Asker: 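Mind looking over this structure? Questions follow.
Please read all numbers here as calculations on a predicted model, not as lab measurements. To find a chain, count down the sequence lines: A is the first, B the second, and so on, and within it residues start at 1.
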Amino acid sequence: NAGVTQTPKFRILKIGQSMTLQCTQDMNHNYMYWYRQDPGMGLKLIYYSVGAGITDKGEVPNGYNVSRSTTEDFPLRLELAAPSQTSVYFCASSMTGASYEQYFGPGTRLTVT
Amino acid sequence: AQSVAQPEDQVNVAEGNPLTVKCTYSVSGNPYLFWYVQYPNRGLQFLLKYITGDNLVKGSYGFEAEFNKSQTSFHLKKPSALVSDSALYFCAVRDEEGDNAGNMLTFGGGTRLMVKP
């Protein structure tokens, strides 16, 4: 059981480039999330999804886009990368309901120079 | 709005001694509280949660946490620390009465636990 997988593990982008961070879960979870973690900081929610075809903004959505065409996949798109988007990105998923814990992927370390 | 505070950036403890990592929260309704651990270059791993019931919650790796409603706290504890417990610990909260459709959590800033031999 792989859980939540993310690709790539590392990426360096030049300013203005675009890329997609991939996230897949095999636990049949309806809820999925994207967070960013800046050095020495906690996690900030970028976008979330409560099911296929449904997405919504979190705390820091600017500069990002998401889609959810299947239950398993929740890619995060960065358009026109900026140095402020240098961070570690985590995808997570959970069962439906407020009391359920989230399961996290291993993260993608992104540097924009 | 919901919020979480972890007042200590770092906690140092000797191996074999008890450890406490502090967490206080603020929500409008009843809280759902979680502790996660992050080892270097890894994602967060769930440790334990309080939803309802007994105020003392037991979780993975010998950790436990005590929910105190009057003090709005949910401190993480372990009777005897191990060097391998050294990691970054995050407290998180969700308001049971939140109006968001998603299971959104608010995370604290994290506390680095250093256990020395």
Asker: Show your working on side-chain contact (heavy atoms from CB on, under 4.5 Å) between V93(B) and L105(B) and close with a plain yes or no.
Answerer: CA-CA 6 Å; V93(B) 69; L105(B) 291 176; over 6 Å; no
Asker: Can you name the residues that form a side-chain hydrogen bond (donor to acceptor under 3.5 Å, both in side chains) with T55(A), not counting sequence neighbours?
Answerer: none
Asker: Sort by residue number and list every residue of residues 84-92 of chain B having at least one heavy atom under 4.5 Å from chain A.
Answerer: L88(B), F90(B)
Asker: Specify the closest pair of heavy atoms between T70(A) and A52(A), including all atoms of both residues, with the distance to one decimal.
Answerer: C-CB, 4.0 Å
Asker: So for atom CD1, which belongs to I12(A), do other residues, nucleotides or ligands contribute more than 12 heavy atoms lying within a distance under 6.0 Å?
Answerer: no
Asker: Specify the closest pair of heavy atoms between S94(A) and Y33(A), including all atoms of both residues, with the distance to one decimal.
Answerer: OG-OH, 2.9 Å
Asker: Which one of T106(B), L44(B), I51(B) has the most heavy-atom pairs closer than 4.5 Å to chain A?
Answerer: L44(B)
Asker: Might you confirm whether atom CZ of R42(B) has over 12 heavy atoms from other residues, nucleotides or ligands at distances under 6.0 Å?
Answerer: no
Asker: Q6(B) versus chain A, heavy atoms under 4.5 Å apart: side chain, backbone, both or neither?
Answerer: neither
Asker: Compute the ring centroids of F104(A) and Y36(B), then answer whether they are less than 6.0 Å apart.
Answerer: yes
Asker: Do the ring centers of H29(A) and Y103(A) come within less than 6.0 Å of each other?
Answerer: yes
Asker: Should F107(B) and Y35(A) be marked as a ring pair (Phe, Tyr, Trp, His ring centres under 6.0 Å) after you check the CA-CA gap, both sets of side-chain angles, and the distance that decides it?
Answerer: CA-CA 11 Å; F107(B) 285 85; Y35(A) 294 92; 5.5 Å; yes
Asker: Using heavy-atom distances under 4.5 Å, tell me whether L45(A) contacts chain B through its side chain, its backbone, both, or neither.
Answerer: side chain
Asker: Using modelled atom types and a 3.5 Å cut-off, is there a donor and acceptor pairing between side-chain atoms of W34(A) and backbone atoms of Y64(A)?
Answerer: no
Asker: Residue by residue, scan residues 57-80 of chain B and write down, ordered by number, those that have a heavy-atom distance under 4.5 Å to chain A; if none do, write 'none'.
Answerer: none
Asker: Where does Q37(A) contact chain B at under 4.5 Å (heavy atoms): side chain, backbone, both or neither?
Answerer: side chain
Asker: Mind listing the side-chain donor-acceptor pairs of residues 9-25 of chain B below 3.5 Å, one per line with the distance, residues two or more places apart or on another chain?
Answerer:
residue : atom : partner : partner atom : Å
Q10(B)  : NE2  : N12(B)  : OD1          : 2.9

